[in-house]
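Remember, predicted model here, so these are calculated numbers, not experimental data. All heavy atoms count here, side chains included; hydrogens, waters and symmetry mates do not.
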Amino acid sequence: MSIAIDSTGLKIKGQGEWRRIKHIEKYRSGWIKVHLAVNDKTGEILVVEITTERKTDASQLLKMMKN
């Protein structure tokens, strides 16, 4: 079995998002990162890890392999 590992970032939007935009307040957007391990042949998702945007795929590799 061949496994592909990659990640993507997702912006977090809360209830206060419209207010910040309306009043043009400066703020730092919240992001999370979703790390996926996928069976290369079938496309089946084997492992999902959700972290802060600062975590790399390499830092999550051993943790994902244990699952």
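Expressed to the nearest 0.5 Å, how far OG1 of Thr42 lies from CD of Glu44 amounts to 5.0 Å. To the nearest 0.5 Å, the span separating CG on Leu46 from CG on Asn39 amounts to 5.5 Å.
Closest heavy-atom contact between Ala37 and Ile3: CB-CG2, 4.0 Å. Minimum interatomic distance between Asp57 and Ile5 (heavy atoms only, all atoms of both residues): OD2-O, 4.3 Å. Of all the heavy atoms in Thr56 and Lys33, the pair that sits closest is CA-NZ, 4.4 Å.
Using a 4.5 Å heavy-atom cutoff, the side chains of Gln60 and Thr51 are in contact.
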I would like to know whether Leu36 and Asp6 meet side-chain contact (heavy atoms from CB on, under 4.5 Å); could you show each step before the answer?
-> CA-CA 6 Å; Leu36 300 169; Asp6 200 6; 6.0 Å; no
Working for side-chain contact (heavy atoms from CB on, under 4.5 Å), residues Val34 and Val48 = CA-CA 7 Å; Val34 179; Val48 176; 4.0 Å; yes
